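Comments concern the structure below.
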Amino acid sequence: MIYQRQVLKQSHTTAHLAQTMTLLSLNTFELKQQIDSELASNPALEIVEERRCPHCHRVLPPDGICPLCSRPNTNDPTEPVVYISPMDDFFPKRDYTDQDYPDEPISPVTEDLTTYVLRQIATELTKDQQLIAVHLLTNLDDDGFLAVSLMEIARYFHIPVSEVEDVQRVIQLAEPIGVGSTGPNQAMKIQLEVLSEAGLVPEYADEIVEGHLDYLSRRQYAEIAKILGIGVQRVERIAEFISENLNPFPGRSHWGSVRNPSSQETSVYQQPDVIIGFMNDDPKSQMVVEIIMPFGGILQVSSLYKKAIKESEGESKDAMRGDMDRASLFVKCLQQRNHTMQRLMTLLVVTQRAYLTKGEEFLEPITRASLAEELGVHESTISRAVSGKSVQLPNRKIVPMAAFFDRSLSARTILREIISTETKPLSDTEIQKRLDERGIRVARRTVAKYRAIEGILPAHLRQSL
DNA sequence: CTATGGCACGGATT
DNA sequence: AATCCGTGCCATAG
């Protein structure tokens, strides 16, 4: 009997560990699917209504203490605020699957986005412009954004950037409106412009789209209201308008190209799993780190279900208890995951603060193993926590979390700088010496590798510049 | 002789 | 156990 109980307990903890590990390795999108399926299959799980902070309108964590407003003021400013935040659910379309749009007109889908747009604009463009347009349109990603920079195009055609911009402008005004933009921001700005010609665009919508999209996507209306000096209700109405009329991903609503969360290539445009910022956007003040959860509110074992168990009998009672155990296990695992993520991110942003404030050159070359030791967890834990996740940096760039462990990024950044300021082509050995002077010790052979990664030609071929 | 690229080994990661 | 990355060693191109 005792033996059996021990075995049971053992299997329970290993199950716990195994599931925590699995959850840890999921990013926000995958976690959402996992939680949805768990919710659907287990009646003992429920999400209770979210409570929001009366001051900043943020969703409160289970303890009911707002991580920003109710934080004791005695906190060390170097100490980051790390908290769990609900997912950007402002644009529900971003996670749609094919089934969500069963009645979507299929006519244009028979041709691809490139030709569809090209057909619309061909007559408006000169021959030369058409060439540029083709180039631009063949470099669109699934979201309908440019995968190349205008500068590259301009250099490729040997023309000023402004001419490429002219063509881009024409493309953006075609259906789907905003296609060919550099990102959601630009796309939505164009859409607003077009809508405003038809009238009925609320005042301030421009400003919000322009400068406060990140607040908007997190439904922090109070912040926006404060900045613009208007009422929260008014912001909410504008938000509703934006949500209903604008589409931050022009390529998707029409084309529903296969969403492929596993592909790392397009990760630039996906929802980040962690958002790093500064209090009041001031690099000298406290860091604010949000770990994104795919739901608002609190996931817990339903209290109704607990009560129902007490009142039921026999076999159904056992089954219900099983459900409840599974539910509480899941909740525990999720908490465990979030706890690990919080500790990891805290340590990460503290050690990489220089990188976050001053730029890539200051990325500390740390290893996952060293972090694991500091946190007292197994290195595979860190590995799982980091893999497949993306982080939005204070400068709004979204990078894979693994970038924090890139041992060569700072070296490569400095190398780029050295090359761009060199007066005569430097040999790898000379570059190595200059790197060494700036505190980067690498082998000469490695300099060559970095050059290759950065697409920089060897010294004797750089003469022409 | 110097500057680089190819290949393989060892440690870190997955 | 399989894979990636920094390095050392060596061959090859100037």
Side-chain angles (χ1 to χ4, degrees), chain A residues 14 17-31 34 260-267 270 273-274 333 336-337 340-341 343-345 347-348 351-352 355 360-391 399-465:
Chain A
T14 50
L17 268 175
Q19 195 169 9
T20 305
M21 286 300 157
T22 317
L23 289 183
L24 193 60
S25 62
L26 302 180
N27 64 29
T28 306
F29 183 75
E30 295 157 345
L31 190 62
Q34 187 71 35
N260 184 5
S262 62
S263 97
Q264 291 288 313
E265 311 306 323
T266 58
S267 64
Q270 82 193 8
D273 304 292
V274 176
C333 290
Q336 180 76 245
R337 170 200 195 265
T340 308
M341 289 299 292
R343 292 208 305 150
L344 168 64
M345 287 314 298
L347 191 51
L348 211 48
T351 56
Q352 299 291 21
Y355 164 60
E360 302 187 328
E361 178 185 335
F362 295 91
L363 185 75
E364 287 288 327
I366 51 175
T367 77
R368 292 161 171 75
S370 66
L371 268 194
E373 196 179 343
E374 275 197 68
L375 284 178
V377 297
H378 197 274
E379 51 188 70
S380 73
T381 307
I382 304 289
S383 192
R384 288 164 187 279
V386 168
S387 72
K389 305 217 173 51
S390 53
V391 181
V399 301
M401 198 186 286
F404 284 79
F405 299 90
D406 189 329
R407 269 201 288 163
S408 63
L409 184 61
S410 76
R412 295 205 313 271
T413 308
I414 298 180
L415 180 138
R416 269 205 305 273
E417 191 194 312
I418 291 176
I419 299 283
S420 66
T421 59
E422 73 185 0
T423 48
K424 68 175 174 59
L426 299 168
S427 75
D428 285 354
T429 317
E430 290 166 314
I431 295 174
Q432 179 197 4
K433 202 161 150 253
R434 280 176 177 56
L435 282 175
D436 192 74
E437 285 162 7
R438 300 181 59 165
I440 310 273
R441 276 222 191 96
V442 288
R444 184 236 93 212
R445 188 63 192 77
T446 309
V447 174
K449 293 268 189 192
Y450 289 169
R451 253 196 318 98
I453 293 176
E454 296 296 330
I456 299 170
L457 294 171
H460 58 280
L461 291 178
R462 293 206 301 276
Q463 294 285 355
S464 50
L465 302 177

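Worth knowing before you read on, the calculation uses all heavy atoms, side chains too, and leaves out hydrogens, waters and symmetry mates. All chains are named by letter (A, B, ...) in the order of the sequence lines, taking the proteins before the strands, and each is independently numbered beginning at 1. These numbers were taken from a predicted model, which means no experiment stands behind them.
- As rounded to whole Å, 11 Å separates atom P of B/dT14 from atom CZ of A/R384.
- Whole-Å rounding puts the A/I456 CD1 to B/dA3 C1' distance at 16 Å.
- Regarding A/M401, its CE atom lies at a distance of 15 Å from the P atom of B/dT13, rounded to whole Å.
- Rounded to whole Å, the distance from NZ on A/K433 to C1' on B/dT2 is 16 Å.
- Between the A/T367 side chain and the A/S370 main chain, a donor and an acceptor come within less than 3.5 Å of each other.
- Shown here for A/R434 and A/I418, the closest heavy-atom pair between the two residues is CB-CD1, 3.8 Å.
- Nearest nucleotide to the A/H460 side chain, out of B/dT4, B/dT14, B/dT13: B/dT4.
- More than 12 heavy-atom neighbours from other residues, nucleotides or ligands sit within 6.0 angstrom of CD on A/E417.
- Taking both residues in full, the closest heavy atoms of A/E379 and A/A369 are given as OE1-CB, 4.0 Å, listed atom of the first, atom of the second, then distance.
- Using modelled atom types, one side-chain atom of A/Q352 and one backbone atom of A/E364 make a donor-acceptor pair closer than 3.5 Å.
- Residue A/I440 comes nearest to A/S410 through the heavy atom pair CD1-OG, 3.8 Å, listed as atom of the first residue, atom of the second, then distance.
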task = Summarise protein proximity over nucleotides 5-10 of chain C in one line of letters, 5' to 3': B for base, S for sugar-phosphate only, - for none, counting protein heavy atoms closer than 4.0 Å.
result = -SBBB-
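- Spacing between atom CD of A/E373 and atom C1' of B/dA12 amounts to 14 Å, rounded to whole angstrom units.
- Within the structure, a side-chain polar atom (N or O) of A/S427 is placed less than 4.0 Å from OP1 or OP2 of B/dA3.
- The phosphate of B/dG5 (OP1 or OP2) has a side-chain N or O of A/R451 nearer than 4.0 angstrom.
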